[in-house]
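Worksheet: one structure, shown below.
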Amino acid sequence: MITALIIAGGVGKRMGQDIPKQFIMVEDKPIIIYTLESFQKHPMIDRILVVCKKGWEDTLLAYAKEYNIDKLNWIIEGGNSGQESIRNGVDFLKEHSDEEDIVVIHDGIRPLVDEIVLSDVVVKSKEFGNAVTSLPYNEQIFVKETEETTKQYINRETLRRVSTPQAYKYGKLAWAYEKAFRENIGISESSYTNTMMVDLGETLYFALGSDKNIKLTTQDDLQLFKGYLRMKED
């Protein structure tokens with residue numbers, strides 16, 4: 001089985017809205033539904049679990065029914081951080097998954113998931129045990145000497161940008177979250193599954209990425225998303 005684990009537990013203060021950003025309406029449709037439609041339409045995805053902000057579960061269920069997201073099997077409550085929310089999802093799946101099952105983790109506020117990106121992350125995770133969406137880093141990166149000066153840069157050929165979707169075999173994923181939370185490894189506020197895995201000594205494998213796979217964090221991101229939607233319509 002291939003399960004999509006969608007994280008939609010955030011608040012989104014930087015978006016400047018009164019509701020969680022995953023529920024903001026764009027072209028009369030909530031952002032989270034754009035995300036779920038990508039997984040609903042993909043032939044390799046068998047089922048969907050959403051980890052949702054507390055109090056919004058019924059709203060999400062109503063939207064899912066309205067937009068025929070019938071692969072959505074479960075909605076559960078999120079945690080106090082991104083890592084807690086993912087752990088909640090991983091723990092929930094213990095009764096529904098075998099060790100070799102694939103779990104695709106994805107941010108609910110990344111609504112533009114190309115089919116080829118999702119396909120590649122699934123195929124590579126089956127082969128290697130995990131796969132993380134990635135892209136080359138095209139900007140120059142300098143190391144601060146002081147707040148205003150620098151004398152050192154990092155060779156961008158050695159860098160990759162990593163985001164979601166990322167996929168893992170369930171057995172390794174369950175082991176990792178149990179160990180990480182027991183030993184306080186890789187669960188800080190800025191951590192994610194990929195960084196936690198590296199902190200635990202695991203090797204990660206790169207999969208295809210896309211510049212369109214933006215994370216909607218600010219109003220500028222929202223305007224960019226609307227621009228992509230207009231391009232699709234044209």
Side-chain angles (χ1 to χ4, degrees), residues 3-42 45 47-93 103-113 117-118 133 162-166 177 181 187-196 210 212-230 232:
T3 303
L5 173 53
I6 309 299
I7 307 305
V11 177
K13 295 179 181 178
R14 283 177 287 179
M15 192 67 79
Q17 299 284 336
D18 295 330
I19 64 173
K21 55 190 171 183
Q22 56 271 27
F23 290 99
I24 293 172
M25 302 296 285
V26 177
E27 303 293 337
D28 298 320
K29 185 189 298 185
I31 289 169
I32 186 64
I33 292 299
Y34 287 98
T35 304
L36 292 178
E37 284 178 335
S38 297
F39 289 85
Q40 172 72 27
K41 294 173 184 176
H42 199 285
I45 300 299
R47 56 192 187 173
I48 300 171
L49 163 64
V50 176
V51 183
C52 186
K53 180 171 175 57
K54 183 178 180 180
W56 288 81
E57 297 92 339
D58 289 343
T59 301
L60 176 58
L61 182 60
Y63 281 136
K65 289 180 178 178
E66 180 181 352
Y67 289 96
N68 300 312
I69 311 296
D70 57 25
K71 288 184 182 179
L72 178 59
N73 282 24
W74 311 286
I75 301 171
I76 65 170
E77 184 179 322
N80 294 320
S81 67
Q83 282 289 66
E84 284 190 15
S85 291
I86 298 171
R87 181 190 62 171
N88 287 358
V90 172
D91 287 348
F92 177 85
L93 287 172
V103 178
V104 183
I105 300 171
H106 188 66
D107 298 318
I109 51 170
R110 290 185 185 271
L112 294 171
V113 190
V117 169
L118 189 47
T133 300
V162 172
S163 62
T164 67
Q166 47 192 254
Y177 272 97
F181 274 82
I187 57 172
S188 66
E189 187 65 30
S190 61
S191 298
Y192 208 87
T193 309
N194 51 355
T195 55
M196 180 191 75
S210 168
K212 290 192 300 181
N213 185 26
I214 55 175
K215 186 176 183 180
L216 304 187
T217 303
T218 67
Q219 282 290 334
D220 286 344
D221 299 326
L222 196 60
Q223 294 306 314
L224 186 58
F225 174 48
K226 292 177 181 178
Y228 276 124
L229 291 179
R230 286 193 292 269
K232 289 176 67 175

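All residue numbers refer to positions in the sequence shown, counting from 1.
- Proximity of a side-chain donor or acceptor of E57 to a complementary backbone N or O of G55 within less than 3.5 Å is detected.
- In this structure, CD on Q166 lies 10.0 Å from CG on L5, to the nearest 0.5 angstrom.
- Nearest heavy-atom pair across P111 and F225 is CG-CE1, 3.5 Å.
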*Between Y34 and L229, does a side chain to side chain contact (heavy atoms under 4.5 Å, CB included) hold up when you go through it step by step?*
CA-CA 10 Å; Y34 287 98; L229 291 179; 3.7 Å; yes
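- Although no hydrogens or angles enter the test, the distance criterion places no donor-acceptor pair under 3.5 Å between the side chain of E27 and the main chain of K226.
- A donor-acceptor pair under 3.5 Å links the side-chain atoms of Q22 to the main chain of A8, judged by distance alone.
- With a 4.5 Å cut-off on side-chain heavy atoms, I32 and I6 count as touching.
- Between H106 and F39, the ring planes lie tilted relative to each other; the angle falls in the 30° to 60° range.
- For the residue pair K21 and I109, the shortest heavy atom distance occurs at CE-CD1, 3.1 Å.
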*Determine, step by step, whether T164 and T193 satisfy the side chain to side chain contact (heavy atoms under 4.5 Å, CB included) criterion, reporting the C-alpha distance in whole Å, the side-chain angles of both residues, the deciding distance to 0.1 Å, and the verdict.*
CA-CA 10 Å; T164 67; T193 309; over 6 Å; no
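- Expressed to the nearest 0.5 Å, how far CD1 of I105 lies from OH of Y192 amounts to 6.5 Å.
- Under a 3.5 Å cut-off, the side chain of Q40 and the backbone N or O of D70 do form a donor-acceptor pair.
- The backbone N or O of I48 sits nowhere less than 3.5 Å from a side-chain atom of K71 that would complete a donor-acceptor pair.
- Here the side chain of Y67 pairs no donor or acceptor atom with the backbone of K29 at under 3.5 angstrom.
- Between atom CG of residue N213 and atom OG of residue S163 there is a gap of 4.5 Å, rounded to the nearest 0.5 Å.
- Minimum heavy-atom separation, G108 to T35: O-OG1, 2.7 Å.
- Between R110 and V113, the shortest heavy-atom contact is O-CG2, 3.5 Å.
- Judged by distance alone, with hydrogens and angles left aside, the side-chain atoms of T133 form a donor-acceptor pair with the main-chain N or O of P165 at under 3.5 Å.
- Between the side chains of N88 and S85, no donor N or O sits under 3.5 Å from an acceptor N or O.
- G89 and L49 get closest at one heavy-atom pair: O-CD2, 3.7 Å.
- In this structure, E66 CD and N68 CG are separated by 9.0 Å, a value rounded to the nearest 0.5 Å.
- The backbone N or O of M196 sits nowhere less than 3.5 Å from a side-chain atom of S191 that would complete a donor-acceptor pair.
- In this structure, CG in L61 is found 7.0 Å from CG in L72, a value given to the nearest 0.5 Å.
- I31 CD1 to L216 CG: the interatomic distance, rounded to the nearest 0.5 Å, is 5.0 Å.
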*Please step through side chain to side chain contact (heavy atoms under 4.5 Å, CB included) for the pair L60 and F23, ending with a clear verdict.*
CA-CA 8 Å; L60 176 58; F23 290 99; 4.1 Å; yes
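- Nearest heavy-atom pair, E189 versus S81, reported as atom, atom and distance to 0.1 Å: OE1-CB, 3.9 Å.
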*asked:* If you apply the rule side chain to side chain contact (heavy atoms under 4.5 Å, CB included), what do you find for R87 with Q83, and how did you get there?
replied: CA-CA 6 Å; R87 181 190 62 171; Q83 282 289 66; over 6 Å; no
